[in-house]
Amino acid sequence: MPAMNIPNFVDKKKRGEKITMLTAYDYTMASLLDKAGVDGLLVGDSLGMVVQGKENTLPVTLEEMIYHAEMVARGAPSSLVVVDLPFPAQYLGLEKTIENAAKVLKKSSAQAVKIEVGADDAGVVKALSAAGIPVMAHCGLRPQAVHQMGGYKVHRDQKQLHTDVQAMEKAGAFAVVLECVPAAAASEISTQIAIPTIGIGAGTGCDGQILVIYDLLGIPDGNVPKHVKAYAALGEQIVAAVKDYCTDVRNGDFPTDDQTFV
Ligand code: KIV
């Protein structure tokens, strides 16, 4: 499969082809998702929760993002690899944000960064784009603002959403993630802008979709949000497999002659 790049990714919208994205955090999973033909992999700061077991995404550091991005990029020769800039990326000043984003691309060989933004942050997106760093904007529910929002809530301010997304397109973002917004608003916005919208909890009218890989595989870490569809129940299968292994070891049934050197 030919490697995905930014122009090809954007052109999928022009051709009316839906874009597929998933999160990935390590080499092995990235290799499998790449092999399955997913268009883009996001090294999401959701790794703070699903990999590190933390309460939210705020504690994740730039070094941790780079550490995971390196592994994912190595495992994904065909997918577009996008890396989240961790909290509070958009408020560090332009120079520092460009320096951080450049560090991500230099060290990981990923192709783009994602940043949680509203219209007020258009300057950051413009500066990154001008520096040759492709930016995927993240609008709607912004998990890094969890304390401000008092939890994870559907973003219902449609006027603000339109303003934010249009500002992102104007600032040079190549795509925009719409998280937890009413489907009708996401659908309307998707027809109004030329860059692709990637939805998560934003209905079918978006130009593409993204899910957290553990959610898709049915490896839940507690409550499963409404927008998730589990395509497998690997969590249960993993527990069952490990229970079988423990039983075999305890009973002396593993290893057998097949797994033994003579
Ligand atoms: O961090 C993440 O995984 C994300 C996606 C859920 C869009 O931002």
Side-chain angles (χ1 to χ4, degrees), residues 9 18-26 29-30 33 38-62 64-69 71-73 76 79-90 101 104 108 110 112-118 121 125 134-146 149 151-155 161 164-165 168 173-181 186 190 195-203 206-217 219-230:
F9 188 90
K18 291 279 188 185
I19 298 167
T20 56
M21 284 195 77
L22 287 167
T23 66
Y25 313 104
D26 68 78
M29 186 64 79
L33 306 185
V38 71
D39 297 314
L41 292 179
L42 170 69
V43 186
D45 61 356
S46 50
L47 69 86
M49 297 163 85
V50 298
V51 177
Q52 298 175 333
K54 291 183 176 157
E55 186 99 351
N56 54 51
T57 59
L58 272 58
V60 177
T61 66
L62 185 71
E64 288 166 348
M65 292 309 305
I66 292 170
Y67 173 76
H68 287 274
M71 296 187 269
V72 170
S79 315
L80 186 80
V81 177
V82 183
V83 184
D84 256 336
L85 291 181
F87 173 80
Q90 62 280 54
V104 169
S108 73
V113 296
K114 177 167 84 55
I115 185 164
E116 294 184 15
V117 274
D121 312 308
V125 175
V135 181
M136 179 174 277
H138 182 146
C139 299
L141 188 161
R142 292 163 52 181
Q144 290 176 5
V146 59
M149 295 181 296
Y152 299 106
K153 296 178 181 160
V154 175
H155 183 92
L161 188 66
D164 289 345
V165 172
M168 291 308 112
F174 75 92
V176 56
V177 167
L178 299 178
E179 178 161 359
C180 291
V181 303
S190 301
I195 59 173
T197 56
I198 309 296
I200 176 162
C206 293
D207 303 304
Q209 299 291 330
I210 183 165
L211 279 178
V212 169
I213 186 60
Y214 291 139
D215 289 341
L216 177 148
L217 295 176
I219 307 178
D221 74 332
N223 64 332
V224 181
K226 178 177 165 63
H227 60 259
V228 166
K229 177 174 174 186

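When a ligand or atom number is given, it counts from 1 through the structure's own listing order.
- Contact annotation for D84 and ligand 1: only side-chain heavy atoms (C-beta onward) come within less than 4.0 Å of the ligand.
- Using a 4.0 Å heavy-atom cutoff, K114 is listed among the residues neighbouring ligand 1.
- Scanning the protein heavy atoms around atom 5 (C) of ligand 1, the nearest turns out to be L42 CD2, 3.7 Å.
- Between the D39 side chain and the T20 main chain, a donor and an acceptor come within less than 3.5 Å of each other.
- T23 and I213 get closest at one heavy-atom pair: OG1-N, 3.0 Å.
- Using a 4.5 Å heavy-atom threshold, the side chains of L141 and V181 count as separate.
- Numbered from 1 in the order shown, with element, the atoms of ligand 1 that lie under 4.0 Å from a heavy atom of T23 read 3 (O).
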Quiz item: Hey, mind stepping through E179 and H138 against side-chain hydrogen bond (donor to acceptor under 3.5 Å, both in side chains) and telling me if it holds?
Solution: CA-CA 7 Å; E179 178 161 359; H138 182 146; 2.9 Å; yes
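- Contact detail for D84 and L42: the closest heavy-atom pair is N-CD1, 4.2 Å.
- Among all non-hydrogen protein atoms, the one lying nearest atom 3 (O) of ligand 1 is S46 OG, 2.5 Å.
- Looking from atom 6 (C) of ligand 1 to the surrounding protein, the closest heavy atom is I200 CD1, 3.6 Å.
- Contacts of D45 with ligand 1, taken as heavy-atom pairs under 4.0 Å, involve both backbone and side chain.
- Ligand 1 places these atoms under 4.0 Å from at least one heavy atom of G44: 1 (O), 2 (C), 3 (O).
- Side-chain contact, Y214 with S46: no donor N or O sits under 3.5 Å from an acceptor N or O.
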